[in-house]
Amino acid sequence: MPKLIWREPIESTTIVNRPPDGAEAGLETVPRHGETPELKTEARRRVLTLGDIAGRESGGLVVLLVAVGALTLASDEFLTANNLANLARQVAIFGIIAVGQLLVILTAGIDLSVGSVLGLSGASTAQLLVAGMPILPSILLGVGIGTGLGVVNGLLVTRALLPPFIATLGMLGIARGMVLLSTDAQTIQGVPEAFQIIANGTILGIPNLLIIAVAVTAVMWFVLTRTVFGRYIYAVGSNPESARLAGVPVRLVTISVYMISGTLAGLGGVLLASRLGAGIPTAGTGFELSAIAACVIGGASLFGAKGSAIGAFTGALIMGVLNNGGNLLAINAFYLQIAIGVLILVAVGFDQLNTRRSAASG
């Protein structure tokens with residue numbers, strides 16, 4: 001055959017990377033045509049870590065296990081049935097708000113109004129009940145108030161193009177002012193006993209609040225992991241412009257997550273009013289920071305697109321365990337605030353360590 005079409009196989013070399021043992025890249029000989037190559041592969045073995053199993057929630061899980069173990073050893077009352085029931089009721093409302101906050105954080109946003117929305121929804125529900133409205137319509141209207149304010153937040157962010165921090169900070173003041181005006185800053189008492197059973201009752205010994213919180217978390221987990229809408233949320237948080245070019249309705253998704261956050265804040269307000277048996281106008285003060293802290297401790301990133309519903313609920317559980325343990329051990333509440341701040345830093349640092357390890361091994 002002409003030499004331009006056919007040539008005899010010749011030995012060639014390719015550059016390959018050696019295992020990271022300090023040696024430089026070497027040369028590997030490619031066998032001649034027709035020879036049987038000897039495959040020499042060395043599988044890299046890496047120790048399986050908690051981060052590989054639990055993902056971004058691993059930092060929060062470590063903190064939770066340590067806190068539970070320490071409190072179990074420090075107090076004989078921690079694992080009692082009554083204390084665990086009280087802990088479940090305390091954590092449930094924080095968990096519901098944290099899951100709603102998570103959806104906003106996944107889109108690289110933030111909702112500072114959830115505490116005030118909670119207070120307004122709870123007090124409004126109590127007012128309606130005292131005025132004689134049936135329980136179910138009162139609950140629906142209370143939750144609807146939270147939903148409506150959440151939609152307003154979403155419109156301020158997407159239509160008015162306000163930064164999420166500013167938009168929701170303004171709503172924080174508006175909602176708190178509304179509840180103080182509508183109640184004249186007075187506690188609303190006299191709600192029906194049947195309404196109080198919603199939060200204080202049990203089913204097979206399990207507090208109703210815990211069942212509701214777990215159900216909300218499970219639904220949000222399913223939405224985020226098994227639906228197109230959940231994929232859209234992560235896409236918007238990762239890169240909104242790329243998501244828009246890919247056909248994701250960025251504005252609609254953004255409005256929806258603020259709406260869901262408002263809805264869950266409204267639900268939390270209704271449940272808190274049921275638990276306390278009254279509508280308290282100052283209820284929910286500072287809850288927005290607790291919800292953000294729970295999400296961060298649970299592995300969420302404030303830059304968006306990283307986090308899970310289970311992680312957010314785990315973060316809320318950690319904060320509830322710390323507060324409960326502090327009460328049992330008579331620890332100054334100021335020390336607990338310092339401990340929560342330290343745990344936020346530890347959880348974020350642990351998550352960053354797992355991220356670097358994954359990047360180095362991948």
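Taking the side-chain hydrogen bond (donor to acceptor under 3.5 Å, both in side chains) definition, one finds that Ser242 meets it with Asn239, sequence neighbours left out.
When all heavy atoms of Ser256 and Phe229 are compared, the closest pair comes out as CB-CZ, 3.7 Å. The two residues Arg275 and Gln90 come nearest to each other via the heavy atoms NH2-CG, 3.8 Å. When all heavy atoms are compared, the tightest approach of Val250 to Pro240 is CG2-O, 3.6 Å. Contact detail for Leu129 and Pro134: the closest heavy-atom pair is CD2-O, 4.1 Å. Annotation for Ala273 and Gly122: closest pair CB-O, 3.7 Å, computed over non-hydrogen atoms. Closest of all the heavy-atom pairs between Cys295 and Ala98 is SG-O, 3.2 Å.
Under the 4.5 Å side-chain heavy-atom criterion for ILVMFWY residues, no single connected hydrophobic cluster contains both Leu276 and Val117. Connection of Leu140 to Met133 is not established within any shared hydrophobic cluster, with ILVMFWY side chains joined at heavy-atom distances below 4.5 Å, either directly or through further cluster members. By the criterion of side-chain heavy atoms lying less than 4.5 angstrom apart, applied directly or through intervening Ile, Leu, Val, Met, Phe, Trp or Tyr residues, Met178 is grouped together with Met171 in one hydrophobic cluster. Side-chain heavy atoms closer than 4.5 Å link hydrophobic residues (I, L, V, M, F, W, Y) into clusters, and following such links, even through other members, never connects Val214 to Leu272. Connection of Leu317 to Ile211 is established within a shared hydrophobic cluster, with ILVMFWY side chains joined at heavy-atom distances below 4.5 Å, either directly or through further cluster members.
If you check the side chains of Thr125 and Ser138, you find no donor sitting under 3.5 Å from an acceptor. Judged purely by distance below 3.5 Å, without hydrogens or angles, the side chains of Asn324 and Asn86 never pair a donor atom with an acceptor atom.
The main-chain N or O of Pro164 is found under 3.5 Å from a side-chain atom of Thr168 such that the two form a donor-acceptor pair. Within the 3.5 Å criterion, the main-chain N or O of Val179 finds a donor-acceptor partner in the side chain of Ser182. In this structure, Tyr234 contributes its side chain and Gly307 its backbone to a donor-acceptor pair below 3.5 Å. For Ser274 (side chain) and Phe195 (main-chain N/O), a donor-acceptor pair under 3.5 Å exists by modelled atom type. Side-chain N or O atoms of Thr72 include one that pairs as donor or acceptor with a backbone N or O of Val68 at under 3.5 Å. Put simply, the side chain of Asn332 gets close to the backbone of Phe334: a donor and an acceptor are under 3.5 Å apart. Side chain of Ser75 to backbone of Leu71: no donor-acceptor contact under 3.5 angstrom is found.
For the atom pair OG (Ser116) and CG (Leu172), the distance works out to 3.5 Å, reported to the nearest 0.5 Å. Here the CG atom belonging to Leu162 is positioned 5.5 Å from the CG atom belonging to Leu156, to the nearest 0.5 angstrom. Distance check: Ile110 CD1 to Thr107 OG1 gives 10.5 Å after rounding to the nearest 0.5 Å. Distance check: Leu120 CG to Arg176 CZ gives 8.5 Å after rounding to the nearest 0.5 Å. How far CG of Leu209 is from CZ of Arg89: 7.0 Å, rounded to the nearest 0.5 Å. To the nearest 0.5 Å, the span separating CG on Leu267 from OG1 on Thr147 amounts to 9.5 Å.
Side-chain contact check for Asn208 versus Ile203: some heavy-atom pair is nearer than 4.5 Å. Residues Val257 and Val236 fail the side-chain proximity criterion, which asks for heavy atoms closer than 4.5 Å. Contact check for Val248 versus Arg231: no side-chain heavy atoms found under the 4.5 Å cut-off. For the pair Tyr232/Thr227, no side-chain contact is recorded, criterion being any heavy-atom separation below 4.5 Å from C-beta on. Residues Val99 and Val219 are not in side-chain contact: their nearest non-hydrogen atoms beyond the backbone lie 4.5 Å or more apart. Between Arg244 and Arg251 there is no side-chain heavy-atom pair separated by less than 4.5 Å. Inter-residue side-chain proximity for Val321 and Phe78 is flagged as met; some heavy-atom pair is nearer than 4.5 Å. Residues Met220 and Ile260 meet the side-chain proximity criterion, which asks for heavy atoms closer than 4.5 Å.
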Give the C-alpha distance, both sets of side-chain angles, the deciding distance and a yes or no for side-chain contact (heavy atoms from CB on, under 4.5 Å) between Ile97 and Leu264.
CA-CA 6 Å; Ile97 299 174; Leu264 294 183; over 6 Å; no
Kindly determine whether Leu112 and Ile292 satisfy side-chain contact (heavy atoms from CB on, under 4.5 Å), including the steps that lead there.
CA-CA 9 Å; Leu112 298 178; Ile292 295 170; 3.8 Å; yes
Worked check of side-chain contact (heavy atoms from CB on, under 4.5 Å) between Leu141 and Ser124:
CA-CA 8 Å; Leu141 286 175; Ser124 299; over 6 Å; no
What do the steps show when you test Asn153 against Ser113 for side-chain contact (heavy atoms from CB on, under 4.5 Å), and what is the final call?
CA-CA 9 Å; Asn153 281 335; Ser113 67; 3.1 Å; yes
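Remark: Glu241 CD is packed, more than 12 non-hydrogen atoms of other residues, nucleotides or ligands lying under 6.0 Å away.
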